[in-house]
Amino acid sequence: MSPVFARSALPRPFRPRLIGRLVAALIGMLAAPLAGATIPVTLAADTDVDDGQCTLREAILAANTDAAYHGCPAGAGPDRIVFSVATPATIALSAGLPFVLDTLLLRGPGADLLTIDGQGSFRLLAFEPVSPNGWLGVEDLTLAHGLAESGGAVDLGHGGSGRFARVVFLENTSSNSGGALRVAGATRAELDDCWLSGNIALGPAGGGGVLVHAGAELAVDRSALTDNVAAHVNGSGGGLMINNAKLTLTRSTVARNSAYARGGGLSLYTPLTLGSFAEAVVHDSTIARNTADIDATGSSDDGGGIAFSGDSCGNPVCSRLELRNSIVADNADNGAIVLPDFAVLAGEPEIATVSLGFNLIGSNAGVTTRFVPGSPNLAADYVGTEAAPLAPALNSLALYGGATPSLRPRLDPPSPAIDHGYCPGSPGDQRDAGSAATRLRPFDVDTVVDGPGSDGCDIGAHERSADAAVENALFGNGFEVAATLLWSAESP
């Protein structure tokens with residue numbers, strides 16, 4: 001699958017989900033709704049002219065100033081920008097958009113219907129909230145070909161929080177870090193049903209898809225990071241770079257990303273700072289077909305799937321990885337010391353790896369004491385070795401009925417991931433698919449014998465043969481209610 005997508009390959013607009021309505025209702029009960037204005041963009045051109053029309057550039061200025069601007073009505077605190085333009089449409093920028101200064105929601109008509117395009121030359125969205133409680137939301141559009149020093153498409157490096165739902169981040173470039181997105185400092189961000197592909201970070205800080213650092217937190221759910229590159233000779237984290245920060249990755253696919261240095265899929269780094277800490281919690285996800293040291297110049301362990309690096313933080317534990325019901329396999333390392341799936345050296349007491357069971361690890365090279373071979377082992381993990389790697393037997397990266405691409409377990413012969421996992425209470429896979437009968441994810445394939453202790457769930461992000469579009473009950477990850485404002489799907 002090429003990182004250049006035809007418009008027909010992009011996710012179709014989503015219908016309002018039950019979960020979205022319930023979350024909105026819950027927030028409405030917890031706090032009184034804030035006042036705000038709806039500002040409709042009526043012209044897809046990128047102009048700043050008093051002609052009675054409202055462009056995106058002018059709408060952001062009206063929202064920032066709480067005053068009518070050219071053809072745009074006045075903002076009123078936390079505002080909503082919607083798009084009343086003929087679709088499909090592309091807003092081709094002629095300069096960087098104004099910084100967003102206050103709580104704002106940009107609601108598009110669908111990622112395949114509206115694109116904000118930086119034309120490889122201009123910044124897209126940067127959030128610098130005047131209040132530490134500021135919130136930026138972006139829904140149902142594509143952010144493409146942006147160029148910025150940090151966060152090629154979006155920079156959340158100045159506080160506040162952010163939520164991105166059904167957004168495609170396509171072929172954005174950062175001259176330093178975070179090819180698509182940078183999340184830094186006292187910032188919390190969430191990616192739901194998002195697709196980040198073909199993004200590039202050119203600087204040594206890395207993060208071809210996303211950089212999360214300086215104490216920030218990022219939650220990723222039902223999303224895909226594919227074909228992103230950390231392109232500096234010292235760049236790590238082709239998909240995601242977690243530098244003194246926290247990542248929660250659930251029901252998502254990290255595939256075909258690459259780094260010139262370490263961590264083709266995911267890299268965790270702790271700087272030489274007292275109390276620094278990097279953590280990744282990975283549940284029900286697939287990290288596969290990523291490559292480290294793509295220029296084959298490195299001489300050390302690089303970790304094609306997941307890599308740890310950094311300095312002593314002065315604490316007993318500086319980095320922590322938690323895995324549950326996830327695949328880390330079929331990755332590649334072009335370094336002199338080949339550690340395809342993990343670069344976690346056995347003699348590093350400051351690095352903690354925690355297995356909650358039912359993971360599929362292709363090769364335990366470099367982590368032999370942390371992930372003991374077995375099918376399953378005593379921790380209920382399926383672990384291969386350097387001499388005899390365990391193949392996950394996955395189909396090609398593609399759209400299998402969902403909004404984001406995944407790696408589907410093969411059925412003939414059956415992948416060892418099928419019906420060998422355990423995900424009680426999980427409300428669906430990456431596509432929100434599961435059993436229509438139970439309204440939960442586990443879908444038992446009759447031709448496959450369940451693994452020991454399995455509830456019929458598949459290991460990884462994709463549930464083979466499951467029913468599509470299962471509507472699920474409300475669940476939370478601790479981020480939803482952190483938003484200052486969340487409008488319901490029924491609002492304009």
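When reading the values below, keep in mind they use all heavy atoms of this one structure, side chains included, and skip hydrogens, waters and symmetry mates.
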Notebook entry, point to check: So, does Asp155 use its side chain to make a donor-acceptor pair with the main chain of Ala126 at under 3.5 Å?
Noted result: no
Check: Under 3.5 Å, is there a donor-acceptor pair between the Ser197 and Thr226 side chains?
Finding: yes
Notebook entry, point to check: Any side-chain donor paired with an acceptor under 3.5 Å for Arg408 and His462?
Noted result: no
Item checked: Spacing of CG belonging to Leu411 relative to OG belonging to Ser465, to within rounding of 0.5 Å -> 5.0 Å
Check: Within a strict 4.5 Å, meaning less than it, do heavy atoms of the Tyr400 and Asn395 side chains meet?
Finding: yes
Note to self: Please find the pair of heavy atoms, one from Ala259 and one from Ser236, that lie closest to each other, and give the distance.
What the structure shows: CB-CA, 4.2 Å
Check: Any luck finding a side-chain donor-acceptor pair between Ser355 and Asp381 under 3.5 Å?
Finding: yes
Notebook entry, point to check: Arg464 side chain to Pro409 main-chain N or O, any donor-acceptor pair under 3.5 Å?
Noted result: yes
Checklist line | Contact check, side chains of Asn176 and Leu211, non-hydrogen atoms, under 4.5 Å | finding: no
Margin query: Salt bridge or not between Asp193 and Arg166? Use side-chain N to carboxylate O under 4.0 Å.
Written below: no
Next item on the list: Classify the ring geometry between Phe371 and Phe342 as parallel (under 30°), tilted (30 to 60°) or perpendicular (over 60°).
Entry: parallel
Check: So, do Pro442 and Ser435 sit near enough that their side-chain heavy atoms are less than 4.5 Å apart?
Finding: no
Margin query: Using only atom types and a distance under 3.5 Å, with no angle test, would you say the side chain of Ser454 pairs donor to acceptor with the backbone of Tyr422?
Written below: no
Note to self: Is it the case that the side chains of His145 and Glu171 hold a donor-acceptor pair, with the cut-off being a distance below 3.5 Å and no angle test?
What the structure shows: yes
Next item on the list: Please check if the side chain of Thr248 supplies one atom and the backbone of Ala219 the other of a donor-acceptor pair under 3.5 Å.
Entry: no
Check: If you look at every heavy atom in Ala180 and Asn172, which pair is closest and at what distance?
Finding: CA-CB, 4.4 Å
Next item on the list: Applying side-chain contact (heavy atoms from CB on, under 4.5 Å) between Leu191 and each of Leu181, Leu249, Val167, report the one that passes.
Entry: Leu181
Item checked: Contact check, side chains of Thr286 and Gln430, non-hydrogen atoms, under 4.5 Å -> no
Note to self: Between Thr142 (side chain only) and Thr115 (backbone N and O only), is there a donor and an acceptor less than 3.5 Å apart?
What the structure shows: no
Next item on the list: Taking Asn290 for its side chain and Asn257 for its backbone only, find out whether a donor-acceptor pair lies under 3.5 Å.
Entry: yes
Check: In terms of side-chain geometry, is the basic nitrogen of Asp284 or Arg251 positioned less than 4.0 Å from the acidic oxygen of its partner?
Finding: no
Next item on the list: Please determine which of Val354, Ile361, Ile351, Val383 meets the side-chain contact (heavy atoms from CB on, under 4.5 Å) test together with Arg370.
Entry: Ile351
Note to self: Between Ile327 and Leu394, does the side-chain contact (heavy atoms from CB on, under 4.5 Å) criterion hold? Intermediate values first, please.
What the structure shows: CA-CA 10 Å; Ile327 296 173; Leu394 304 173; 4.2 Å; yes
Checklist line | Test item: Asn359 side-chain N/O and Val328 main-chain N/O as donor-acceptor pair under 3.5 Å | finding: no
Margin query: Just to verify, what does Glu128 make a salt bridge (Lys or Arg N to Asp or Glu O under 4.0 Å) with, not counting sequence neighbours?
Written below: none
Checklist line | Spatial distance of atom CG (Leu266) from atom CG (Leu240) [nearest 0.5 Å] | finding: 6.0 Å
Item checked: Check: Arg289 main-chain N/O paired with Asn331 side-chain donor or acceptor under 3.5 Å -> yes
Next item on the list: For Asn228 and Leu196, indicate whether the former's side chain and the latter's backbone hold a donor-acceptor pair under 3.5 Å.
Entry: yes
Next item on the list: May I ask you to decide whether Glu463 forms a salt bridge with Arg431, counting only side-chain N to carboxylate O separations under 4.0 Å?
Entry: no
Checklist line | Note: Arg320-Glu322 ion pair, threshold 4.0 Å (strictly below) | finding: yes
Notebook entry, point to check: Is the backbone N or O of Ser252 less than 3.5 Å from a side-chain atom of Ser285, with the two atoms forming a donor-acceptor pair by type?
Noted result: yes
